Amino acid sequence: MPTPEEALVSIDRVLRDAARARYGVTDLTVTFEAPRRPEFGDFATNLAFGLAKAARSAPQQIAERLLDDAIASRPEIAALVVDAQATAGFINLRLAPGCWQRVIERALADGSRYGESPRNGQRISLEFGSANPTGPLVVVQGRTLSIGATLAAAFHACGYDVFTEWIINDAGGQVETLARSLYARYRQIADPSFPFPEAGYPGEYLLPIAASLREEFGAAYDAADESIWLPLFGTRGRDRLVAEQQRTVERFGIHYDLWQSERELHESGKVLAGIERLRELGLTYENEGALYFRATQFGDDKDRVLVKSDGKPTYYCADVAYHYEKLKRADRVIDLLGPDHHGYIERLRGIATAFGYEGRLDVAIAQQVTLLRGGEQVSMSKRAGEIITLDTILDEVGVDAARFFFAMLATETPLAFDLKLATEQSTENPVYYVQYGHARIASVLRNADAAELALARRGEHLAPLAHPSEIALMHRIEDYPHVLQSVVSSLSPHRLARYARDIAADFHAFYGECRILAENRDDRLARLALAAATQHVLANALRVLGVSAPESMDRLAAD
RNA sequence: GCGCCCGUAGCUCAGCUGGAUAGAGCGCUGCCCUCCGAAGGCAGAGGCCGGGGGUUCGAAUCCCUCCGGGCGCGCCA
């Protein structure tokens, strides 16, 4: 018995043969899709609509004839198809359960690797989540982190070598602001009347850092000149805050291969090298003392400043150099940026094209998160002081719920995130539904006879699987590798989160319809195999999402 | 003014390259544990898919336009 994919290849062939024989149409593409409504079968094709004009007849009539010519009259195809109908111009097919059972065989054989693709040697550089080193990570960054990390894991599962990078924006004026704010806090420990800078960072998170600097330095810098303390406090503050950001990221279950300091890019000469390369290419010019990049040659609105008239390079300049580095060492570079970077996309693409890497850079924008609390908008400006840190959310809802929730939404959709719902009703988070599915299977498998379960896992006793809820679940399992591919090809990790929910729903429905530990031994073996296969897929999907797959969960108390 | 994103059920959101009666969760109304975990299942109510044109056998999906909401348009980062 062929797999569903193989069966569709055969059916595709006979349908095209039939179309050629009857209507003389040769350049025909047949696409199959799973219809929304299960009563329309496992797969449907709309090819009769495309033929209608050339064949000069109604789609429904064409569908009926193709069905007669291709499916019914070919015994080898008829054996794969238990039901085939032409309705409203569509050809609806129901595959033999044996095709679906092949999927379970495969899932059981591959286990924790099911859905993965072989290594393909392609190198991906993925940058996401980067932040100023001037404060703790906030809730909104949880979204970028979650999306980026899931994307990275999906690329890895699809056979790519993924290199994840974070850029520390530590070369601009904001580090000076940090230094002044921190210095003021340091002085205030000894002299509470010491003025806090007007545009400083008022957050409480600087207080413990100031305290530890006081402990280390004593009063050593109270009378020091600004030229002495400014770089020192800037560097110390950056190091402490980056370390805290790294702790939060790690706690969120995310690993970075590189934490790239922007300052380091300058100090190592890489920025100069990047500018030099552009100069060689004839893509720079000077105007009023500043150095410009000819961005308009690459579709940008205006040329962009690389080096300001005061001799200091811009942030963009560092990014030019950084992207030059990334493009040289990766086959494909992906940036996942925040919503305030729309205007930046063309500029980045310009870099790639200028350096001769056109089409190798993708920039995705994760849209804004608006914070609400009980329907009221929460202001999130750092200057106003009220910041909701990512750690706060992790404390309240846990890593699993946060990872799943943020990955669940399409990247380009703005999100209204209600803190009250997230914290008070965390048990309503769909992640628990998915995890419960996994735990429920684990529980059933524990109740099974160990020897029998081992036998079932060999995937040799699947023949009884034919109930609609069993077919639906097998179909869903078959879909998993395609979902992973689609996550990667469209940079849409939310599809995986949706899929996890869907397969959990299919399992729960199957569980309600069919008793897994059935009286009949054949049924029992087959259903144990299906449950075990489902468990693998759930665990694999959750792993990519960065969510744990528990063997058991605490029962909720009855109301 | 120009550019990007969004507008789908009371709320939060799916709907992949155009397909059949537009889906899910939460919330709401009913059922279902002498049986593998009720954080579950089944059934139901709830929609001019922002408005208007167009393309198509067929449009939530593509094109144009208008209306709403958000965000960008620095020698800031």
Side-chain angles (χ1 to χ4, degrees), chain A residues 31 33 35-37 40 44 46 49-50 52-53 58-59 87-90 92 132 134 169-175 262 287-292 301-302 304-310 312-319 338-346 365 367-368 370 372 375 405 408-418 421 425 427-437 439-448 482-483 486-487 489-490 492 494-495 497-498 501-502 504-505 507-519 524 527-528 531 552-556 558:
Chain A
T31 56
E33 61 178 26
R36 281 223 173 86
R37 307 175 67 79
F40 289 143
N46 59 0
F49 291 96
K53 203 167 242 174
T87 47
F90 294 88
N92 297 322
N132 288 339
T134 55
N169 302 136
D170 58 357
Q174 75 278 16
V175 178
E262 185 191 348
N287 184 31
E288 292 178 0
L291 186 70
Y292 281 79
D301 300 340
K302 53 172 113 169
R304 302 293 173 176
V305 174
L306 293 168
V307 182
K308 297 184 264 184
S309 50
D310 64 1
K312 289 183 183 171
T314 60
Y315 170 82
Y316 175 60
C317 182
D319 238 6
D340 49 345
H341 286 73
H342 280 130
Y344 206 62
I345 297 178
E346 280 313 314
I365 297 286
Q367 282 299 330
Q368 201 184 9
T370 310
L372 307 172
F405 184 83
M408 198 167 74
L409 299 143
T411 311
E412 67 276 10
T413 303
L415 162 66
F417 181 58
D418 198 310
L421 287 175
Q425 303 188 13
T427 55
E428 302 298 345
N429 190 306
V431 73
Y432 297 102
Y433 180 85
V434 178
Q435 290 182 315
Y436 177 61
R440 202 179 203 187
I441 294 171
S443 171
V444 174
L445 299 189
R446 277 193 298 271
N447 291 339
H482 308 298
V483 171
S486 115
V487 165
S489 66
S490 60
S492 300
H494 73 280
R495 286 187 191 155
R498 296 276 159 184
R501 226 217 77 86
D502 288 341
F507 174 76
H508 288 308
F510 156 67
Y511 181 94
E513 296 271 346
C514 305
R515 189 176 166 78
I516 296 169
L517 298 175
E519 293 293 321
R524 199 165 61 233
R527 288 173 186 163
L528 278 171
S552 68
M553 295 170 77
D554 293 337
R555 285 165 209 253
L556 286 185

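Both backbone and side-chain heavy atoms feed into the values below; hydrogens, waters and symmetry mates do not. Keep in mind it's a predicted model, so treat the numbers as computed, not measured.
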Could you list, one pair per line, each protein nitrogen or oxygen that sits under 3.5 Å from a nitrogen or oxygen of nucleotides 40-47 of chain B, together with the distance?
residue: G40(B); atom: O2'; partner: Arg440(A); partner atom: NH1; Å: 2.8
residue: G41(B); atom: OP1; partner: Tyr433(A); partner atom: OH; Å: 2.6

Detail all sub-3.5 Å separations between protein N/O atoms and N/O atoms belonging to nucleotides 20-22 of chain B.
residue: A20(B); atom: N6; partner: Asn92(A); partner atom: OD1; Å: 2.7
residue: A20(B); atom: N1; partner: Asn92(A); partner atom: OD1; Å: 3.1
residue: A20(B); atom: N1; partner: Asn92(A); partner atom: ND2; Å: 3.0
residue: U21(B); atom: O2'; partner: Arg37(A); partner atom: NH1; Å: 3.4
residue: U21(B); atom: O2; partner: Arg37(A); partner atom: NH1; Å: 3.3
residue: U21(B); atom: N3; partner: Arg37(A); partner atom: NH2; Å: 2.9

So which protein nitrogen or oxygen atoms get under 3.5 Å of nucleotides 31-33 of chain B's nitrogens or oxygens?
none

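Every residue was checked against the salt bridge (Lys or Arg N to Asp or Glu O under 4.0 Å) condition with Arg501(A), not counting sequence neighbours, and none meets it.
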Review point. Which letter, B, S or -, goes with each nucleotide of nucleotides 68-77 of chain B from 5' to 3', with contact meaning a protein heavy atom under 4.0 Å?
Key: --BBSSSBSB
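The distance between atom CZ of Arg515(A) and atom P of U34(B), rounded to the nearest whole Å, is 13 Å.
Residue Ser486(A) is out of contact with every strand shown, counting any heavy-atom pair closer than 4.0 Å. The residue Ile516(A) sits close to a base: some heavy atom pair falls under 4.0 Å. Heavy atoms of Asn447(A) sit under 4.0 angstrom from primed sugar atoms or phosphate atoms, though from no base atom. Ser552(A) comes within contact range of at least one nucleobase, with a heavy-atom separation under 4.0 Å. Residue contacts for Cys317(A): at a heavy-atom cut-off of 4.0 Å it reaches no nucleic acid atom on any strand shown. Using a 4.0 Å heavy-atom distance criterion, Leu415(A) is classed as a sugar-phosphate-only contact.
Projected onto RNA chain B by closest heavy-atom contact, Asp502(A) and Cys514(A) fall at different nucleotides, the more 5' of which corresponds to Asp502(A).
Considering only side-chain atoms of Thr413(A), the nucleotide from C57(B), C13(B), A39(B) that sits closest is C13(B). Comparing C5(B), A39(B), C13(B) by their closest approach to the side chain of Met553(A) singles out A39(B).
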Study note, to complete from the structure: Given Watson-Crick and G-U pairs under 3.5 Å, RNA chain B in dot-bracket ([ ] crossing, | other strand) is (((((((..((((.....[...)))).(((((.......))))).....(((((..]....))))))))))))....
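For C33(B), the base is syn relative to its sugar; the glycosidic angle is within 90° of 0.
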